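All values below were derived from every heavy atom in this structure, side-chain atoms included, with hydrogens, water molecules and symmetry-related copies excluded. What you are looking at is a predicted structure, and each value in this text was computed from that prediction instead of being measured. Sequence positions, counted from 1, serve as the residue numbers for this chain.
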Amino acid sequence: MQTETVSAPWLLRLSWEELTTLAVCLALDLVELAAPMLLSPIIGDILDLTGFIFTAVNFSWFAAISLLEFLPGLDPVPFFTLTWLAWYIHRRRTMRRNLEAELAKWL
């Protein structure tokens with residue numbers, strides 16, 4: 001399975017899916033961090049719910065990490081980005097393991 005990547009010698013090799021999901025997670029975390037006084041509790045909760053639904057759809061069971069976003073007082077912690085990071089590390093390890101298994105079949 002060949003995917004196009006965004007790469008440079010000084011960047012991680014990220015596929016477009018990884019890059020777009022990272023951008024959305026960063027945006028969700030930045031809005032919550034940068035504008036807490038502009039968001040009423042209802043709008044903040046709707047934003048948390050939207051972020052949780054996004055992570056549940058894209059990252060499956062890793063979305064459990066972003067459930068911590070609903071706890072009061074933990075808004076400064078970037079849980080959506082931490083969810084993406086856990087998903088990315090797991091995805092890369094799984095891809096490497098699958099590639100090694102495929103290469104072992106050929107040897």
S.K.: For F52 and A63, which heavy atoms make the closest approach, and how far apart are they?
M.R.: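 In terms of heavy atoms, the two residues are closest at CE1-O, 3.4 Å.
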S.K.: Scan for side-chain hydrogen bond (donor to acceptor under 3.5 Å, both in side chains) pairs involving residues 20-29, sequence neighbours excluded, and state none if there are none.
M.R.: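 Output for this query lists T21-W84, D29-T81.
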S.K.: Describe, in one word, how the ring planes of W87 and F59 are oriented to each other, choosing from parallel (under 30°), tilted (30 to 60°) and perpendicular (over 60°).
M.R.: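 Correct class here is tilted.
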S.K.: If I compare all heavy atoms of D48 with all of E69, which pair ends up nearest, and what's the gap?
M.R.: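 Closest heavy-atom pair between D48 and E69: OD1-CG, 3.2 Å.
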S.K.: Treating Ile, Leu, Val, Met, Phe, Trp and Tyr as nodes and any side-chain heavy-atom pair under 4.5 angstrom as an edge, say whether L22 and W16 lie in one connected cluster.
M.R.: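 Yes, one cluster joins them.
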S.K.: Under a 4.5 Å side-chain heavy-atom rule over Ile, Leu, Val, Met, Phe, Trp and Tyr, are L85 and I65 clustered together?
M.R.: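 No, separate clusters.
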S.K.: State the CG-OG1 distance between D45 and T50, to the nearest 0.5 angstrom.
M.R.: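 OG1 of T50 is found 10.5 Å from CG of D45.
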S.K.: Which heavy atom of R91 sits nearest a heavy atom of S15, and at what distance?
M.R.: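 Residues R91 and S15, closest heavy atoms: NH2-OG, 3.9 Å.
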S.K.: Can you name the closest pair of heavy atoms from L28 and F80 and give their distance?
M.R.: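 Residues L28 and F80, closest heavy atoms: CB-CD1, 3.7 Å.
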S.K.: Is a donor from one side chain sitting under 3.5 angstrom from an acceptor on the other, for T55 and S66?
M.R.: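 Short answer, yes.
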S.K.: Determine, using the 4.5 Å side-chain heavy-atom cutoff (strictly less than), whether L71 and I46 are members of one ILVMFWY cluster.
M.R.: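 No; I46 is not reachable from L71 via cluster members.
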S.K.: Which donor-acceptor pairs under 3.5 Å do side chains of residues 99-107 form with protein atoms, sequence neighbours excluded?
M.R.:
| from | atom 1 | to | atom 2 | distance (Å) |
| --- | --- | --- | --- | --- |
| E102 | OE2 | W106 | NE1 | 3.4 |

S.K.: Measure the OG1-CH2 distance between T83 and W61 for me, rounded to the nearest 0.5 Å.
M.R.: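 It is 11.0 Å, given to the nearest 0.5 Å.
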S.K.: Linking I/L/V/M/F/W/Y whenever their side-chain heavy atoms sit closer than 4.5 Å, directly or via other members, would L30 and V24 fall into one cluster?
M.R.: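 Result: no, two separate clusters.
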S.K.: Should L67 and F79 be regarded as members of a common hydrophobic cluster, given that ILVMFWY residues are connected when their side-chain heavy atoms come within less than 4.5 Å of each other, either directly or indirectly?
M.R.: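 Looking at the clustering, F79 is in a separate group from L67.
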S.K.: Take V77 and L68 through the test side-chain contact (heavy atoms from CB on, under 4.5 Å) and record every step on the way to the result.
M.R.: CA-CA 9 Å; V77 180; L68 296 172; over 6 Å; no
